[in-house]
Protein chains: 2
Amino acid sequence: MAAGDDLVAEPPSRLAFLLAQHGAITNDRMRKAFGLAGLTTRQCLTLMLLAGGRMSQQALAEALAVDPSVLVAILNDLERARLAERRRDPADRRRHIVEITAAGNQALTRAQDAVAVVERELFADLDEDELVTLRNLLARVRTSPSDPLCTEE
Amino acid sequence: MAAGDDLVAEPPSRLAFLLAQHGAITNDRMRKAFGLAGLTTRQCLTLMLLAGGRMSQQALAEALAVDPSVLVAILNDLERARLAERRRDPADRRRHIVEITAAGNQALTRAQDAVAVVERELFADLDEDELVTLRNLLARVRTSPSDPLCTEE
DNA sequence: TATTGTTATACTCTATAACTATA
DNA sequence: TATAGTTATAGAGTATAACAATA
């Protein structure tokens with residue numbers, strides 16, 4: 001959304017509008033939930049990746065689909081807040097190895113709890129079966145850039 | 001979303017992530033489709049509203065959920081491209097009445113055709129029944145700010 | 001010479017408040 | 001005094017290219 005978070009207006013008739021609009025609002029709710037834990041969306045996504053193990057900035061940038069220079073800013077903020085740490089890779093001193101800290105894991109837990117609350121609110125009117133159906137249908141929407149029609153410019 | 005358009009990374013396990021991510025990508029595809037017709041998303045939404053009849057800027061700004069000062073920029077661009085026109089309301093000379101032009105309607109038609117293409121691509125793997133199910137499930141997601149839990153800050 | 005991370009710059013969006021002209 | 005629209009300004013976010021250290 002940024003630029004994202006467009007389309008928060010008008011009752012849409014087309015399914016694409018409906019999906020875009022509900023997605024934008026969901027994005028917004030999650031951003032607020034992360035905010036309760038003192039995190040931006042990108043900081044939270046970064047911590048989620050780091051929770052799976054240490055990574056180089058290169059790998060992180062690719063996984064987050066952000067420019068390396070953007071990641072620098074994200075990590076500067078996380079490091080200042082003591083939620084993550086950079087250290088040189090002894091094997092290749094050009095590389096930084098990025099690790100989540102204990103405080104980072106705690107912040108991540110708080111953020112994920114907040115998202116769980118958002119989820120319960122968003123999907124309160126759907127039962128278990130419907131949630132499974134929604135998940136399966138969404139998973140089959142062709143949003144992967146794998147097919148040739150969707151090659152990014 | 002602008003800003004929006006976050007969350008274009010990582011396989012999400014939570015449904016909220018899935019919805020936010022697919023929504024962001026859908027938003028992005030639509031933005032590109034509108035671009036083919038020479039329109040931004042907001043310009044297109046504005047023309048869609050104007051296609052329903054002339055409106056004051058106040059009413060437009062509220063329907064689009066944008067600040068009046070943002071609408072000024074949108075309308076300046078649309079007017080420069082001769083897709084919409086402002087004229088004073090004789091009944092209250094503070095007001096502007098905004099109208100779509102013939103060229104505006106043509107641009108809107110092109111944009112909507114482009115969105116239809118995007119829709120066919122996105123939902124190519126779903127049959128008619130599934131599309132109806134998806135639409136109904138999405139419509140029941142609590143994204144309206146009507147319930148008290150979601151009061152914006 | 002290529003790669004990793006960093007810095008600098010510019011451009012877009014957005015939010016806010018101050019301003020004008022009308023009422 | 002209040003309202004409709006406009007302008008100006010500052011802040012966040014993003015994209016790009018140039019740069020330093022290391023390989």
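Here is how names work: the chains are called A, B, and so on, in the same order as the sequence lines, proteins then strands, and each is numbered from 1.
Note that the CG atom of A/Asn105 and the CG atom of A/Leu83 stand 10.0 Å from one another [nearest 0.5 Å].
A donor-acceptor contact shorter than 3.5 Å links the side chain of B/Arg88 to the backbone of B/Arg94. Judged by distance alone, the side chain of B/Arg29 and the main-chain N or O of A/Thr143 form a donor-acceptor pair under 3.5 Å.
A salt bridge links B/Glu99 to B/Arg87: one of the charged nitrogens lies within less than 4.0 Å of a carboxylate oxygen. By the 4.0 Å N-to-carboxylate-O rule, B/Arg110 lies too far from B/Asp113 to be salt-bridged with it. Between A/Asp28 and A/Lys32, at least one side-chain N (NZ, or NE/NH1/NH2) sits under 4.0 Å from a carboxylate O, which counts as a salt bridge.
For the pair B/Asp89 CG and D/dT3 P, the computed distance is 17 Å after rounding to whole Å. Computed from coordinates, the B/Ile74 CD1 to D/dT7 P distance equals 15 Å when rounded to whole Å. Distance B/Leu78 CG to D/dG5 C1': 16 Å, rounded to the nearest Å. If you take CG of B/Leu60 and P of D/dT6, they are 11 Å apart, rounded to a whole angstrom. Distance A/Arg87 CZ to D/dT22 P: 17 Å, rounded to the nearest Å. Between A/Asp28 atom CG and C/dA15 atom P there is a gap of 10 Å when expressed in whole angstrom units.
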For nucleotides 1-6 of chain C, list the nitrogen or oxygen atoms of the protein found under 3.5 Å from its nitrogen or oxygen atoms, one pair per line.
unit_1: C/dT3; atom_1: O4'; unit_2: A/Arg94; atom_2: NH1; d: 3.2
unit_1: C/dT3; atom_1: O2; unit_2: A/Arg94; atom_2: NH1; d: 3.2
unit_1: C/dT4; atom_1: OP1; unit_2: A/Gln58; atom_2: OE1; d: 2.8
unit_1: C/dT4; atom_1: OP1; unit_2: A/Gln58; atom_2: NE2; d: 2.9
unit_1: C/dT4; atom_1: OP1; unit_2: A/Arg95; atom_2: NH2; d: 3.4
unit_1: C/dT4; atom_1: OP2; unit_2: A/Gln58; atom_2: NE2; d: 2.3
unit_1: C/dG5; atom_1: OP1; unit_2: A/Gln57; atom_2: N; d: 3.2
unit_1: C/dG5; atom_1: OP1; unit_2: A/His96; atom_2: N; d: 3.0
unit_1: C/dG5; atom_1: OP1; unit_2: A/His96; atom_2: O; d: 3.4
unit_1: C/dG5; atom_1: OP2; unit_2: A/Gln58; atom_2: N; d: 2.7
unit_1: C/dG5; atom_1: O3'; unit_2: A/His96; atom_2: ND1; d: 3.3
unit_1: C/dT6; atom_1: OP1; unit_2: A/Arg86; atom_2: NH1; d: 3.4
unit_1: C/dT6; atom_1: OP1; unit_2: A/His96; atom_2: ND1; d: 3.4
unit_1: C/dT6; atom_1: OP2; unit_2: A/Gln57; atom_2: OE1; d: 3.1
unit_1: C/dT6; atom_1: OP2; unit_2: A/Gln57; atom_2: NE2; d: 2.8
unit_1: C/dT6; atom_1: OP2; unit_2: A/Arg86; atom_2: NH1; d: 2.9

